[in-house]
Amino acid sequence: MARSLTLVPVIATPPSSLFTFNRLHHLPSPYSPSGVLRATAKRFTFVTKSKSVTTMAAVQEYPGNLKRQVEKLFDASLRSTVPDETGVETEVTASLPGKPGDYQCNNAMGLWSIIKGKGTQFKGPPAVGQALLKNLPASEMVESCSVAGPGFVNVILSSKWMAKSIETMLIDGIDTWAPSLPVKRAVVDFSSPNIAKEMHVGHLRSTIIGDTLARMLEYSKVEVLRRNHVGDWGTQFGMLIEYLFEKFPDTESVTETAIGDLQSFYKESKSKFDADPEFKEKAQKAVVRLQGGDAIYRKAWTKICDISRAEFAKVYQRLRVELEEKGESFYNPYIAKVIEELNSKGLIEESEGARVIFLEGFNIPLMVVKSDGGFNYASTDLTALWYRLNEEKAEWIVYVTDVGQQQHFSMFFKAARKAGWLPESDKAYPRVDHVGFGLVKEEDGKRFRTRSSEVVRLVDLLDEAKTRSKTALLERGKDKEWTPEELDQTAEAVGYGAVKYADLKNNRSTSYTFNFDQMLSDKGNTAVYLLYAHARICSIIRKSGKVIDELKKTGKLALDHPEERALGLHLLRFAETVEAACANLLPHALCEYLYELSERYTSFYSVHQVIGSAEEASRLLLCEATAIVMRKCFHLLGITPVYKI
C-alpha cells in the first residue's frame, strides 16, 4: 500500500534520489519544417468606453482565458452599476448547450437581494440585469448582449474576434493560453511506493493522477516540487537486512539480478520472520543497529533501497513520470524538533503511555509518539508538512493517495491548523489538499488482482497494454507500412496512453473497472479514439501540401459557419478548463474537454470540405489549432501523441 503505516526511528541519514526522465513537452509538428512555435507572448488590449470616461478592459491579464476576459468586462460593469457594493464578486459562467449566448452573467438576483432594502433605484432583478448590460464596457470581443428571465445577461462573442484570438495563438504558441494561478510554488506528493515492494496496480492511480496534476500546475506557471514520499524506513528493514545477510554473506556483490524478484524476497523474509524466533530476534536487533547508525547495516539498507529504486525507475520511465524522492527517512532528523514545537504550543498530551493530539470532531486522538517512544506515520507527515512550509516555502501542498486515508489527512491537517501552520480556511494559502482516489476493480467489482489473488504488478500491466496495442496494429497490416521502430513507438504510445486515459477520464474519487478491451477500443471516449483523431487531423494537413508555419503568417481564419464557430469557441475555452481542473484538482475535467473537442472537430469536418475548398486556408488553420490544443491536452495527461494511423 502506498505511504504505508510504518514505525520511524529517530536517527536516519536523509537520502534524496532524483528520478529524472525526458518529459514530453510540446512535440514538433510532423508536417512543419521546423515545428517551432514562436513565443513572443504578444498581448492584446481593448479600449472601451463607459459613459464619458474611456477605460481599459483589463483583459490583457488573461490573453488566453476567455471566461476571465468576460469576467473583467462585467467586473467593470458591476463597479459602475453599484459602486458602493465593493465586496460583490462577478458571477460568469459558460452558457449551456442549446441556451442563448456564449457566456452568462448571473449577478442580478444576488445583487438585488443585497440592495433591495437600501433605497435602490432598481425595481427588481431584471432591472439590475438591464443596468449591468448598459454599463458593460464596449469591447470588440462582444458581438451582442441580451437580458433574459430574472436578469441573466447573455453574451454572444464576436466571431471575428474569436478567429483573431486563435490566429494569435497559432503565431505565439499555446503557452500564451496558460492560466495564471495565485501560487508560485507547490508540492505534489504522489506515487510513494514502499521500498522492497514492487509497484502494483494500486500505485497506478496515485502516479498518473499526481503526474497530471503536476503537469497542469507547471503549465500554469507554478514551480512544482514533485515529491516521492517512499516508505524507506521502518521495522521491516530489520528482517530484510538480516535475510540479505543470510542469502548473501558478501553484501558487496549483491545486485538486482542476484536478489531477483523483490516482492518474493520480501515475502520470504517475512515468512522467516514469522516462523523462526531466532531470526525474528536477529531482525529486531538489526533495527536497533540500523537506527544507531551502524555502518554495515546502513550499507545493507542503502543496497536494498537502491535496488528498489532501480525497479521503480523502470516504471516511471515507461510512464514518463518525473519525481524527486524525499522518503520517510529524509525527515527523521527534523521530527524531534517538530514534536518539541507542537509540545511547546500545548498541543501534545499523554494518553496510555503515548503522546497524542486531541482534535475536535474526531473520536480518536492523533498519535505522534508511540508508547515505546517510536515515531509513526503522523509524526513523519507532520514533519514533512513543516519542512515543506518552512524550508521549501511551498504555498500549496497536494497529497495524492487512496480515499481510505482521508481520515488520517483530515486529522493531521487539523493538527497543523491548531499549531498555526495553516490558515483556518481550507481555501486560503498556504493550502493543503488530500486528493483521494477510488479503487481499480475487476468486472466482478472486486479489487484488480491476478488469478492467484496477487496484486497485479504495474510493469506487467503496462507490458500487456503495449502487447495488445501492437497486436491490433499488426492485424491492420501496419508492419508492412511502418518501420519496426515506428510500430513499437506507436504501440507503446497507444498502449500506455490507453491505460492512463482510462483512469484519468473517471472522477478520481470513484472506483473504476479495469478492462483492456474497453480502454483499447478505437470507438468512444478512449485514448485510442482521441489519438487516432489527432493523427487524422495531421494527415489532412500533410495531404494539403501546404507549409503550415507559412500559412500561419499569411492565412486568415474565419468562423463563418456554425460548426466552425462551435469548434473555435471550444478551442478558446481551453485555458479556463485547465484552470478549473487545477483549482478543483480534477483531471477528468480535462479529459471531458478533450473528448468534446474531438466531437466538435468531427461535427465540423463531416459537413465542411477542407482540402480544395474556397476556405481551404482558413480551415487548415482551424485544423492546426485543433491539433495543437489536442497535443497540449495529451501532454498534460502524460500521453504521447501519434501522427500516423
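Sequence positions, counted from 1, serve as the residue numbers for this chain.
At least one side-chain heavy atom of Leu586 sits less than 4.5 Å from a side-chain heavy atom of Asn507. For the pair Arg205 and Tyr512, the minimum side-chain heavy-atom distance is below 4.5 Å. Counting heavy atoms from C-beta outward, Glu616 and Gln609 have side chains that stay 4.5 Å or more apart. Tyr529 has its side chain out of reach of Lys523: every pair of non-hydrogen atoms, C-beta onward, lies at least 4.5 Å apart.
In this structure, a donor-acceptor pair under 3.5 Å is absent between the side chains of Tyr219 and Asp175. Defined by atom type and a distance below 3.5 Å, a donor-acceptor pair is missing between the side-chain atoms of Thr90 and Asn107. Using modelled atom types and a 3.5 Å distance limit, the side chains of Asn135 and Thr81 yield a donor-acceptor pair. Between the side chains of Thr513 and Asn515, no donor N or O sits under 3.5 Å from an acceptor N or O.
Between Glu564 and Leu559, the shortest heavy-atom contact is O-CD2, 3.4 Å. The two atoms that bring Leu181 and Cys582 nearest to each other are CD1-CB, 4.0 Å, heavy atoms only.
Under the side chain to side chain contact (heavy atoms under 4.5 Å, CB included) test applied with Arg68, the options Asn65, Leu66, Val70 reduce to a single match, Asn65. Partner of Cys538 under the side chain to side chain contact (heavy atoms under 4.5 Å, CB included) criterion, chosen from Lys644, Met630, Lys543, Arg631: Arg631.
Residue pairs satisfying the ring-ring contact (aromatic ring centres under 6.0 Å, His included) criterion with at least one member in residues 604-628, sequence neighbours excluded, are listed as follows: His561-His608, Tyr601-Phe604, Tyr601-Tyr605, Phe604-His608.
When atom types are taken as modelled, the side chain of Lys470 and the backbone of Leu487 share no donor-acceptor pair closer than 3.5 angstrom. In this structure a side-chain-to-backbone donor-acceptor pair under 3.5 Å is present from Ser139 to Met141. With Glu550 contributing its side chain and Val547 its backbone, the two residues share no donor-acceptor pair below 3.5 Å. Ser158 places no side-chain N or O within donor-acceptor distance of the main-chain N or O of Val142, the cut-off being under 3.5 Å.
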Exercise for the section: Under the salt bridge (charged side-chain N to carboxylate O under 4.0 Å, His left out) rule, what do Asp560 and Lys160 come out as? Steps first, then yes or no, please. Expected result: CA-CA 9 Å; Asp560 295 334; Lys160 289 184 179 179; over 6 Å; no

Problem - Working for salt bridge (charged side-chain N to carboxylate O under 4.0 Å, His left out), residues Glu624 and Lys552 - result: CA-CA 9 Å; Glu624 170 71 351; Lys552 291 176 188 177; 3.3 Å; yes

Problem - Test log, rule salt bridge (charged side-chain N to carboxylate O under 4.0 Å, His left out), inputs Asp463 and Lys466 - result: CA-CA 5 Å; Asp463 285 346; Lys466 180 179 177 180; over 6 Å; no

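Using a 30° and 60° split on the angle between ring planes, Trp177 and Phe574 fall in the tilted class, from 30° to 60°.
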